[in-house]
Amino acid sequence: MLKDRRRRVMELLLAHGIDGCLIEDQVYLRYLTGFTGSEATALLCDGDCQLLVDSRYLVQATAECDDGVTVIQPDSRKTGITSWCQTYKPKQLGFVDTAIRYARFAELATQLGSVSLIGCSEQLQQIRICKDEGEISALTSVCHLASQAFSALIPQVRAGVSEVDLAIELEFAMRRHGASGRGFDFIVASGYRGALPHGVASKKLLEQNELVTFDFGAVLDGYHSDETVTLPIGKPSDRHRSIYMLVRDAQEAALAAVQPGISCVALDAVARDVIRQGGYGEYFGHGLGHGVGLEIHEAPTISPRGSGELVPGMVITIEPGIYIPGFGGVRIEDTVLVTDTGYQRLTTVPKECW
Ligand code: ZN
Ligand code: ZN
């Protein structure tokens, strides 16, 4: 499977006239070689792959990488890269230009001399945009795990408990369910704080008759889940209820529209139109969703500024929201797999809480 990914990367780069690839980004190291450590250089050319590591990672990399990867511990990364260039004589090396420090880029550019570095993040993203069987299985597992952990937390969601305490409990629950960690700082935004789309958990206590929004995700085998649940505490007002129902209608309309061939812009518009017709268009400021995988936010972008269309194998979020300053907000989010005929929901917390 990893061999196939490397082959597809090189085919794509060769089609752009780029005859080699240098990878130091952790996400792509994992995706292309299986190596999960923090530092290494993968070099791809002519169907071969070398992974340069230091002494910390020789044993680990040898165990993690498939037999198509030659793991080497050179005297230094610099000598390793130089000797690889002398063997393979690439003219141009693609690299992940969206994830490199400028100092490292400048160092590499000097070391490589006449071999030029070509930014290839766009092309490399297209390779990862559709998930293969192993990735779909990992994403299904992590979504189920996080949803189960959240469901176990629901009885503790009541007035008098602080947002941050619930965030901590949720992280413990995820770890107990087998997650390797949390995918991002959880958003727990209650009452007026619900108007903050990215309101990370604060010391605020939950109060009776308000809403609380949880946006949470776990990591398992490098893959992320992403789900948002908005719950009522006690009996919130009719306005709260009608806003919740509008967001739910928008999410259900968008989910029903998920199928191969719909453009990312058109899918976003399905949910946006529901919210606009309900009179809250100005309060839905962000895009409808994004891809999820080895990164919490990856291609495609489902928004008015998105591009491309849905293809089976994409794993995306559908997350409309309404945020009213001074009043509060609602967001509902599921992670779904795009199938040949529609979608399969991977996150499982029921959203019919009223
Ligand atoms: Zn989320
Ligand atoms: Zn999301």
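Whatever order the structure lists them in is the order used to number ligands and atoms, beginning at 1. Hydrogens, waters and symmetry mates are skipped; everything else that's a heavy atom, side chains included, is used.
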If you check every N/O/S atom of [X], which is the one nearest the Zn ion (ligand 1)?
{"X": "E333", "result": "OE1"}
{"X": "D226", "result": "OD1"}
{"X": "D215", "result": "OD1"}

Item to check | D268 versus S303, side-chain donor and acceptor atoms under 3.5 Å | outcome: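 Judged by distance alone, the side chains do not pair up.
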
Checklist entry - Side chains of H144 and S141: donor-acceptor distance under 3.5 Å anywhere? => result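 Their side chains do not contain a donor-acceptor pair, so the 3.5 Å distance test is not met.
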
Checklist entry - What N/O/S atom of E319 gets nearest to the Zn ion (ligand 2)? => result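 Sorting the N, O and S atoms of E319 by distance to the Zn ion (ligand 2) puts OE2 first.
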
Checklist entry - Is the Zn ion (ligand 2) less than 2.8 Å from at least one N/O/S atom of H297? => result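 Checking the Zn ion (ligand 2) against H297, no N, O or S atom falls under 2.8 Å.
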
Checklist entry - Under 6.0 Å between the ring centres of H224 and F184? => result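 Not under 6.0 Å, so no.
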
Next on the checklist: For a 4.5 angstrom cut-off between non-hydrogen side-chain atoms, does L166 reach E163?
Outcome noted: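 Sidechains of E163 and L166: no contact.
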
Checklist entry - Quick one: does E352's side chain get under 4.5 Å of R248's, heavy atoms only? => result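 E352 reaches R248 side chain to side chain.
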
